[in-house]
2 protein chains.
Amino acid sequence: MNAHALTIGHLARETGTKVETIRFYEKSGLLPAPARTEGNYRSYDRAHLNRLSFIRRARDLGFSLDQIRDLLALSDDRGQSCAAVDAIAKEHRAEVERKITDLRSLKKELDRMIDQCGCGVVADCRIIESLSPRQ
Amino acid sequence: MNAHALTIGHLARETGTKVETIRFYEKSGLLPAPARTEGNYRSYDRAHLNRLSFIRRARDLGFSLDQIRDLLALSDDRGQSCAAVDAIAKEHRAEVERKITDLRSLKKELDRMIDQCGCGVVADCRIIESLSPRQ
DNA sequence: CTACAGTCTGTAGTGACTACAGGGTCAAGA
DNA sequence: TCTTGACCCTGTAGTCACTACAGACTGTAG
């Protein structure tokens, strides 16, 4: 393997990704299949490392693999309008906002439930009661 | 089928659950297997309906099926201390709080990213740039 | 009697990995 | 040269909480 080539293990360490996950990204078509060495090892270059870093950063920001696929396709087409990128990001942000709203009202309900618990026996438990259907 | 017996479809409508989901809960051991009619249809009673309502309400509140299994076991044991119930609920609330915190900092990052987008061409796109690794 | 709604079992798909099993490859030290 | 051990390969199955189907059977209204 030449000086610029990276094994899958190097790529994994550099990007904080598990080896299995990298192979999974390849199978999912997110990361192009690299060249192979004589011993059939994957041989990556800088471009692969950059692409994987992109994927991981986008995953950290909660983008789905489908969205990342789209973002990668757009970022490969440097002349295209950035509006599509903007749309994906905004759609994702809206989703995140929805989740925050949902979780906040969830937390309020849990707070109410837990506040009422006198911690006696289950028969009098307000938590169980508030989960049970009124007859 | 007698007057008090319910088909799986009735149960589904009453609780807003899909028929497949009810069967899945049975297979998962959350809902006890009901009696069968001559034609091999599941025949539910009020107790099943109550139990399924409990499960659905707990699911709406985001409890995992494992947690619900535990809550159901506790609620069946009316004399036991309510502390275990309280612990499950608090653990779940803590998890929800963690998620809210994570999503909020995520949203901040997305806001920053999106604010910078001048919506020109992809080559100048700040969103793509902030996803790309610095070389 | 026929149409059709409802139910049955069993299997496979979802998303984004993760965890093996059972092998092969490679580099360093004895 | 041999061996050890780290690394890599493929392929499959597991996770969670469902959901969707295929292909068959049952029940009911007209």
Side-chain angles (χ1 to χ4, degrees), chain A residues 1-3 5-31 33-44 48 52 54-72 91-92 95-96 99 102 106, chain B residues 1-3 5-31 33-44 48 52 54-72 91-92 95-96 99 102 106:
Chain A
M1 206 175 272
N2 76 50
L6 299 158
T7 67
I8 197 168
H10 287 126
L11 223 64
R13 273 187 295 279
E14 291 264 322
T15 60
T17 313
K18 301 213 168 177
V19 165
E20 290 94 337
T21 305
I22 298 177
R23 288 196 282 247
F24 166 76
Y25 288 159
E26 179 181 325
K27 211 170 51 178
S28 312
L30 279 164
L31 205 55
R36 296 289 181 126
T37 66
E38 283 193 5
N40 200 31
Y41 282 19
R42 286 171 178 81
S43 177
Y44 295 100
H48 288 104
L52 180 56
F54 185 104
I55 294 168
R56 294 305 285 179
R57 170 117 183 91
R59 283 296 299 139
D60 283 348
L61 290 171
F63 287 96
S64 72
L65 295 191
D66 269 354
Q67 287 174 321
I68 294 173
R69 225 181 305 275
D70 292 347
L71 287 172
L72 283 167
E91 167 58 36
H92 178 47
E95 181 70 34
V96 169
K99 277 188 191 159
D102 287 354
L106 196 61
Chain B
M1 205 176 272
N2 76 50
L6 299 158
T7 67
I8 198 168
H10 287 126
L11 224 64
R13 274 187 295 278
E14 291 264 321
T15 60
T17 313
K18 300 215 168 176
V19 164
E20 290 92 339
T21 305
I22 298 177
R23 288 197 281 249
F24 166 75
Y25 288 158
E26 179 181 325
K27 213 171 51 181
S28 313
L30 280 165
L31 205 54
R36 296 289 180 124
T37 66
E38 283 193 4
N40 199 33
Y41 281 20
R42 287 171 177 82
S43 177
Y44 295 100
H48 288 104
L52 179 56
F54 185 104
I55 294 168
R56 293 305 285 180
R57 170 113 181 92
R59 282 295 299 139
D60 283 348
L61 289 171
F63 287 95
S64 72
L65 294 191
D66 268 354
Q67 288 174 320
I68 295 173
R69 223 181 306 275
D70 292 347
L71 287 173
L72 282 168
E91 167 57 37
H92 178 47
E95 181 69 34
V96 169
K99 278 188 190 158
D102 287 354
L106 195 63

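These figures come from a predicted structure and were not determined experimentally. Residue numbers begin at 1 in each chain, while the letters A, B, ... track the order of the sequences.
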Distance test, side-chain N/O of [X] to OP1/OP2 of [N], below 4.0 Å:
X	N	result
B:T7	C:dT7	yes
B:R42	C:dC8	yes
B:R36	D:dT26	no

- Nearest heavy-atom pair of B:L106 and A:D60: which atoms, and what distance? CD1-O, 3.5 Å
- Looking only at heavy atoms, what is the nearest atom pair of B:P34 and B:E26, with distance?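 Nearest heavy atoms, B:P34 then B:E26: CD-OE1, 3.5 Å.
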- Nearest-Å distance for atom pair CD/C1', residues B:E26 and C:dG10: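 Computing the B:E26:CD to C:dG10:C1' distance gives 14 Å.
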- Could you state the CD1-C1' distance from A:I22 to D:dC9, rounded to the nearest angstrom? 14 Å
- Task: Would you give a per-nucleotide map of nucleotides 20-25 of chain C, 5' to 3', where B means the base has a protein non-hydrogen atom under 4.0 Å away, S means only the sugar-phosphate does, and - means neither?
- Result: ----BB
- Task: Working to the nearest 0.5 Å, report the span between CZ of B:R23 and OG1 of B:T17.
- Result: 13.0 Å
- Message: Side chains of B:R56 and B:T15 only: does a donor on one sit below 3.5 Å from an acceptor on the other?
- Response: no
- Query: Would you call B:D102-B:K99 a salt bridge at under 4.0 Å N-O?
  - Reply: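 No, no charged N to carboxylate O under 4.0 Å.
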- Would A:D66 and A:R69 pass as an ion pair if we require N to O under 4.0 Å?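 Counted as a salt bridge, because a side-chain N and a carboxylate O are separated by less than 4.0 Å.
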Extract from the structure each pairing of a protein N or O with an N or O of nucleotides 15-17 of chain C at less than 3.5 Å, listing the distance.
residue	atom	partner	partner atom	Å
C:dA16	OP2	A:L65	N	3.4
C:dA16	O3'	A:R59	NH2	3.4
C:dC17	OP2	A:Y25	OH	2.9
C:dC17	OP2	A:R59	NE	2.7

- Taking side-chain hydrogen bond (donor to acceptor under 3.5 Å, both in side chains) as the test, write out the residues that go with A:E95, two or more places apart. A:R98
- Query: Can you name the ring pair (Phe, Tyr, Trp, His ring centres under 6.0 Å) partners of A:F63, sequence neighbours left out?
  - Reply: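 Scan of A:F63 (ring pair (Phe, Tyr, Trp, His ring centres under 6.0 Å), adjacent residues dropped) gives A:H92.
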- ring pair (Phe, Tyr, Trp, His ring centres under 6.0 Å) involving A:F54 - partner list, sequence neighbours excluded: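 With sequence neighbours excluded, A:F54 shows a ring pair (Phe, Tyr, Trp, His ring centres under 6.0 Å) to no residue whatsoever.
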- Just do the side chain to side chain contact (heavy atoms under 4.5 Å, CB included) check on A:L72 and A:I55 with the steps written out, would you? CA-CA 8 Å; A:L72 283 167; A:I55 294 168; 3.9 Å; yes
- Is there a donor-acceptor pair closer than 3.5 Å between any side-chain N or O of B:E14 and the backbone N or O of B:L11? no
- Enumerate the residues from residues 8-19 of chain B whose closest heavy atom to DNA chain D is under 4.0 Å, giving them by residue number; use none for an empty result. B:K18
